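The structure presented is a predicted model; accordingly, all values stated were derived computationally and were not measured.
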Amino acid sequence: MAENKFVVKTVFHDENGDTLLREDYRETREKAQELKDLADFGYAGLFGKGQMKVTTEIIER
């Protein structure tokens with residue numbers, strides 16, 4: 001079994017600060033990037049293109 005070396009963090013930002021919504025673990029940077037792109041696309045549809053209310057980032061562990 002491969003090690004999940006990459007974490008995709010999804011964070012909600014509002015006037016009360018930042019809230020971690022979820023952490024998803026992936027084996028490769030490519031799989032992590034696919035998830036990030038999909039999440040970014042979905043939140044853009046929900047909040048509008050260029051939105052900054054929900055952000056995602058990839059972290060290598």
Applying side chain to side chain contact (heavy atoms under 4.5 Å, CB included), name anything that partners [X], two or more places apart in sequence or on another chain.
X	value
Phe41	none
Lys53	Phe12, Asp14, Phe47, Gln51
Lys31	Arg26, Glu27, Thr28
Leu46	Tyr43

If you define the side chain from C-beta out and look only at heavy atoms, does anything of [X] sit under 4.5 Å from [Y]?
X	Y	result
Thr55	His13	yes
Val11	Leu21	no
Val8	Glu23	no
Val54	Thr10	yes
Lys5	Arg61	no

How would you list, by chain and number, every residue that makes a salt bridge (charged side-chain N to carboxylate O under 4.0 Å, His left out) with Arg29, sequence neighbours excluded? none
How far does CD1 of Ile59 sit from NZ of Lys9, to the nearest 0.5 angstrom?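 Here the rounded value is 4.0 Å.
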Roughly how far apart are Tyr25 OH and Leu35 CG, rounded to 0.5 Å? 12.5 Å
Sorted by first residue and then second, give each side chain to side chain donor-acceptor pair (under 3.5 Å) pair with at least one member in residues 33-42; sequence neighbours left out. Gln33-Asp37, Lys36-Asp40, Lys36-Thr56, Asp40-Thr56
